[in-house]
Amino acid sequence: MSNIRIGIVGYGNLARGVEASVQLQPDMELVGVFSRRAGIQTVSGVPAYTMEDLPNFKGKVDVMVLCGGSATDLIEQTPMVAKYFTVIDSFDTHARIPEHFDNVNKVAKEAGNAALISCGWDPGMFSLQRVYAESILPKGKSYTFWGRGVSQGHSDAIRRIDGVLDARQYTCPKEEILNDIRNGATPEVDAYKGHIRECYVVAAEGADKAKIENEIKTMENYFVGYETIVNFISQDELDKNHKGIPHGGFVLRSGETTDGTQHVVEYSLKLDSNPEFTGSALVAYARGIYRLAKHGGTGCYTVFDIPPAWISTHSAEELRAHSL
Ligand code: NDP
């Protein structure tokens with residue numbers, strides 16, 4: 001059987017994660033990277049093209065993996081590319097998923113292509129765990145916690161404060177709440193109550209650290225309402241200990257079947273690199289949407305619509321023998 005031919009649209013952190021993951025797949029090859037910028041040097045040396053070249057690759061790429069940002073890129077790029085190719089993206093603006101789905105669905109249906117949106121870990125693997133646990137335990141409570149992980153948006157917001165040279169912000173679940181749930185408690189928890197925001201800040205020489213700390217803790221929409229811890233460190237320390245992009249989190253469901261018979265389901269991720277894991281999920285599901293397209297599927301889909309066997313490199317017989 002011939003390999004699944006993969007293209008990458010947009011070349012940032014996530015794209016490099018996809019590029020690395022494709023190298024690990026026995027049934028895939030990377031055809032090229034397509035960027036709005038000319039002259040990109042790729043990590044693997046795979047050729048880079050510009051977006052204008054995209055339509056020329058119709059018939060030469062089986063699945064385009066869209067790696068643009070959710071804020072503004074994917075809303076435009078996924079429907080645009082779905083006109084020509086089977087596509088997959090990682091769109092993670094949860095509130096706008098229904099709107100994005102409708103836009104992509106319309107274009108993909110008209111073009112006779114298949115598209116899968118909002119793959120990754122959240123949305124993505126966490127979404128699957130929520131559906132599994134809630135279907136199996138209809139009477140109960142679900143929880144999602146994020147971290148310990150870097151929040152890019154919050155780190156940027158701190159860097160914009162006067163007197164701040166560099167910063168890293170980690171979102172961390174509150175261990176005591178996690179442990180209570182693991183032990184069967186079903187507390188009312190929202191994002192504010194359930195998480196701590198831990199900040200590592202490099203201040204300029206002579207900057208007023210108390211003022212910076214106060215500005216962080218009182219920043220509306222970012223830190224107000226959260227327990228926030230601010231640590232001032234040197235640039236060397238930040239570069240040495242805080243340059244990675246780790247993330248992860250927990251999905252838990254605490255449910256009851258008969259009176260007093262309780263079950264706790266927990267799924268957790270501890271990721272050294274958010275983009276490398278997200279890219280790996282996209283690549284596995286690129287195989288899934290490729291197969292769905294081969295079965296005649298057109299229009300837009302999500303991870304909920306792909307049978308687990310379709311993301312695997314193993315045959316149905318192998319899965320029954322070794323993974324059941
Ligand atoms: P980046 O900012 O690294 O890349 C986004 C786009 O910006 C790229 O496609 C690229 O487009 C452009 N770009 C990248 N680097 C540069 C540069 N140096 N100069 C100019 N433009 C650049 O974002 P990430 O790859 O980190 O993340 C992409 C998206 O992935 C996020 O917006 C997030 O929504 C999503 N995500 C989803 C997750 C999930 O679980 N579902 C988890 C993690 C992330 P071009 O090459 O065309 O210029």
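The analysis underlying the following values was restricted to heavy atoms, covering all of them including side chains, and did not include hydrogens, waters or symmetry mates. Ligands are counted one by one from 1 in listed order, and the atoms in each one are counted from 1 as well.
For atom 35 (C) of ligand 1, the closest non-hydrogen atom on the protein side is Ser90 OG, 3.2 Å. Taking atom 6 (C) of ligand 1 as the reference point, the nearest protein heavy-atom neighbour is Asp73 OD2, 3.7 Å. In terms of protein heavy-atom proximity, atom 46 (O) of ligand 1 is closest to Ser35 OG, 2.7 Å. In terms of protein heavy atoms, atom 33 (C) of ligand 1 is closest to Asp92 OD2, 3.4 Å. The nearest protein atom to atom 12 (C) of ligand 1, hydrogens excluded, is given as Arg36 NH2, 3.8 Å; this is a heavy-atom distance. The shortest contact between atom 13 (N) of ligand 1 and any protein heavy atom is with Arg37 NH2, 3.4 Å. Protein heavy atom nearest atom 32 (O) of ligand 1, with residue, atom name and distance: Ser70 N, 2.9 Å. Regarding atom 40 (O) of ligand 1, its nearest protein heavy-atom neighbour is Trp121 N, 2.8 Å.
Against a heavy-atom cut-off of under 4.0 Å, Thr278 is close to the following atoms of ligand 1: 38 (C), 39 (C), 42 (C), 43 (C). Ligand-side atoms of ligand 1 in range of Pro123: 39 (C), 40 (O), 41 (N), range being under 4.0 angstrom from any heavy atom. The Leu14 neighbourhood of ligand 1 comprises atoms 24 (P), 25 (O), 30 (O), with distances under 4.0 Å to a heavy atom of that residue.
Judged by the shortest distance from any of its heavy atoms, Gly124 lies outside the 4.0 Å radius around the atoms of ligand 1. The closest approach between Ser118 and ligand 1 stays at or above 4.0 Å for every heavy atom of the residue. For Cys67, the heavy-atom gap to ligand 1 drops under 4.0 angstrom.
Residue Asn13 places at least one N or O, backbone or side chain, under 3.5 Å from an N or O of ligand 1. Of the N or O atoms in Ala15, none lie within a sub-3.5 Å distance of an N or O in ligand 1. An N or O contact shorter than 3.5 Å links Tyr11 to ligand 1 by distance.
Closest heavy-atom approach to atom 28 (C) of ligand 1 within the set Gly68, Gly120, Gly12: this belongs to Gly68.
A tilted orientation is assigned to the rings of Phe57 and Tyr49, their planes being inclined by 30° to 60°.
Note that CG of Leu292 is 4.5 Å distant from CD1 of Ile306, once rounded to the nearest 0.5 Å.
In this structure the side chain of Ile181 reaches within 4.5 angstrom of the side chain of Phe145, judged on heavy atoms. In this structure the side chain of Gln169 reaches within 4.5 angstrom of the side chain of Thr171, judged on heavy atoms. Looking at Met219 and Val224, their side chains never come closer than 4.5 Å, going by heavy atoms from C-beta outward. Two residues are said to be in side-chain contact when any heavy atoms from C-beta on lie closer than 4.5 Å; Arg159 and Leu165 fail this criterion.
If you look at His247 and Phe277, their ring centroids are not closer than 6.0 Å.
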Requested in this report: Kindly determine whether Arg130 and Thr144 satisfy side-chain hydrogen bond (donor to acceptor under 3.5 Å, both in side chains), including the steps that lead there.
Outcome: CA-CA 9 Å; Arg130 287 188 281 259; Thr144 302; 3.0 Å; yes
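Linking Ile, Leu, Val, Met, Phe, Trp and Tyr residues whenever their side-chain heavy atoms come within less than 4.5 Å places Phe304 and Met125 in a single cluster.
In this structure a side-chain-to-backbone donor-acceptor pair under 3.5 Å is present from Tyr301 to Thr298. The backbone N or O of Pro187 lies less than 3.5 Å from a partner atom in the side chain of Tyr143, making a donor-acceptor pair.
Heavy atoms of Asn274 found under 4.0 angstrom from ligand 1 belong exclusively to the side chain.
Shown are Trp146, Phe223, Tyr226; of these, the ring pair (Phe, Tyr, Trp, His ring centres under 6.0 Å) with His195 is made only by Trp146.
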